Amino acid sequence: HTMAAVSAPLFIEAPPLPGARTLEFYEPRWDGRTFSLERLDALQLPETEPEFATATPAGVADAIGGRLETILGAGDPSGKVDIILIGDGYTAAQMPAWRKDARDLAAELFQENPFCMFENYFNVHRIDVVSRESGAGTGRVYSRRNALGSYLGCAGTNRLLCVDYARTRALVESLTRPDQREIIVVLVNDGRYGGSGGAIAAATVGGGGAAVVAHELGHSFAGLADEYDYGKDYCEASVEPSRPNVTAERDPRKVKWRTTRDAGHFEGALYCKRGYYRPYQDSRMRNIYAAYQPLHIQLWYDRLKLAGDGSVNLNCPR
């Protein structure tokens with residue numbers, strides 16, 4: 001397979017809803033070949049907490065088997081980008097609801113770009129796993145008896161949604177081929193708003209769903225930075241950010257995206273109102289309900305072109 005999955009967990013909290021308070025956190029950096037982790041402030045990474053040091057603590061949750069089913073198939077995984085959807089916080093009685101939620105999430109993703117125009121590059125698979133209790137926990141892993149330990153309030157941030165990453169990855173690896181798991185998304189059966197991005201992305205079903213997932217995958221798959229400016233009033237930018245959609249360059253004639261169609265120079269990005277600039281007034285990396293813009297689409301394509309046949313669906317977005 002020509003496209004390796006990201007191996008180390010990376011964590012990015014869900015973007016803020018209007019009026020929400022923002023904390024700083026960690027952000028992935030993509031140099032065209034590999035990801036690294038850039039610390040933005042002092043928020044602790046979830047996997048450094050004792051509860052994430054090993055797999056599921058003994059006696060906390062039942063053993064899980066899981067079942068894999070392909071719900072959208074574009075071709076052999078060796079030549080495609082595979083999305084794995086896993087439900088958490090769905091009881092046995094709620095399995096029909098989970099299957100509908102997974103179908104709805106996939107359908108919603110592929111109504112818009114980049115998923116729509118590059119639909120021939122993707123397979124989507126669903127993993128069914130039963131939880132003993134419905135929903136996400138609060139404040140700590142396995143505060144609710146769900147299968148994958150999902151909970152809100154991770155690392156002290158209300159909307160940061162975390163899961164038991166070791167257990168989730170072990171489940172995925174037990175049911176998929178190595179070339180069949182480029183993107184892993186846990187969809188949690190909870191009406192509260194929350195999410196996180198990284199090697200395993202997560203979102204609550206009642207809090208933005210596909211919009212949050214599409215934003216988080218912009219981080220973990222396409223290497224994009226957040227463009228919203230909630231939080232700090234001013235940042236002294238001593239080093240140019242490596243990520244392609246934010247800059248400290250004050251001269252619009254010199255910005256890294258100056259040759260990109262429709263891209264401009266707008267102050268406010270990387271959680272700072274002043275000091276960093278973004279290419280568009282609004283976008284999916286600034287507002288989860290806005291669209292990806294041409295620069296973002298190109299960066300998605302730069303990764304996706306390693307798979308698929310190069311075709312583009314021109315009848316998008318639908």
Side-chain angles (χ1 to χ4, degrees), residues 9 14 46 51-52 55-57 59-73 82-110 123-154 158-176 180-181 183-217:
E51 64 197 20
F52 289 102
T56 310
V60 170
D62 296 331
I64 54 177
R67 185 174 69 89
L68 178 76
E69 182 173 321
T70 299
I71 57 177
L72 291 175
D82 291 77
I83 302 174
I84 304 293
L85 303 179
I86 314 172
D88 196 33
Y90 291 87
T91 65
Q94 294 170 329
M95 281 294 101
W98 153 240
R99 294 178 185 119
K100 180 181 184 302
D101 287 344
R103 289 195 305 271
D104 290 348
L105 174 63
E108 190 173 345
L109 280 176
F110 282 87
N123 294 322
V124 182
H125 314 280
R126 188 193 74 231
I127 291 180
D128 302 336
V129 58
V130 176
S131 294
R132 294 175 66 185
E133 289 186 335
S134 179
T138 302
R140 62 181 176 84
V141 70
Y142 298 112
S143 49
R144 187 171 294 267
R145 293 185 299 172
N146 46 30
L148 300 176
S150 61
Y151 72 101
L152 288 158
C154 181
N158 288 339
R159 67 175 178 269
L160 185 57
L161 177 68
C162 290
V163 301
D164 183 333
Y165 298 94
R167 184 171 172 84
T168 302
R169 184 163 292 282
L171 172 66
V172 172
E173 291 176 353
S174 73
L175 295 170
T176 61
Q180 200 178 15
R181 52 180 98 116
I183 296 174
I184 302 171
V185 178
V186 178
L187 186 64
V188 182
N189 184 27
D190 199 290
R192 294 172 290 175
Y193 177 76
S196 63
I200 297 175
T204 54
V205 71
V212 172
V213 169
H215 171 96
E216 300 300 353
L217 294 181

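Just so you know, these numbers come straight off a predicted model, no measurement behind them.
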Candidate list I86, V186, T168, I184, test side chain to side chain contact (heavy atoms under 4.5 Å, CB included), partner I127, passing option
I86
Any heavy-atom pair between the side chains of [Y] and [X] that's under 4.5 Å?
X	Y	result
V213	E108	no
L109	V124	no
D190	L161	no
S131	D88	yes
Y151	N146	no

Can you sort out the partners of [X] under side-chain hydrogen bond (donor to acceptor under 3.5 Å, both in side chains), two or more places apart, ordered by chain and number?
X	result
T70	H125
T176	R181
S143	none
N158	none

Under the rule for salt bridge (Lys or Arg N to Asp or Glu O under 4.0 Å), what residues qualify as partners of D128, not counting sequence neighbours?
R67, R99, R126
Holding to salt bridge (Lys or Arg N to Asp or Glu O under 4.0 Å), I want the full list of residues that pass it with R103, two or more places apart in sequence or in another chain.
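If we apply the salt bridge (Lys or Arg N to Asp or Glu O under 4.0 Å) test to R103, skipping adjacent residues, there are no hits.
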Identify the two heavy atoms, one from [X] and one from [Y], that lie closest to each other, and give their separation to 0.1 Å.
X	Y	result
V130	A92	CG1-N, 3.4 Å
R132	T91	O-CG2, 4.0 Å
R169	I200	NH2-CG1, 4.1 Å
L160	S196	CD1-CB, 3.8 Å

Strictly distance-based, threshold 3.5 Å: is any side-chain N or O of T204 a donor or acceptor partner for the main-chain N or O of R192?
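Present.
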Sidechain-backbone polar pair: R144 side chain, S150 backbone, donor-acceptor under 3.5 Å:
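No; zero donor-acceptor contacts below 3.5 Å.
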List the steps and the verdict of side-chain contact (heavy atoms from CB on, under 4.5 Å) for V188 and L152.
CA-CA 10 Å; V188 182; L152 288 158; over 6 Å; no
When rounded to the nearest 0.5 angstrom, what distance separates [atom1] in [X] from [atom2] in [Y]?
X	Y	atom1	atom2	result
L105	I71	CG	CD1	8.0 Å
L175	Q180	CG	CD	9.5 Å
L68	I84	CG	CD1	5.5 Å

Stepwise, does the side-chain contact (heavy atoms from CB on, under 4.5 Å) test hold for Y142 with D164?
CA-CA 9 Å; Y142 298 112; D164 183 333; 2.9 Å; yes
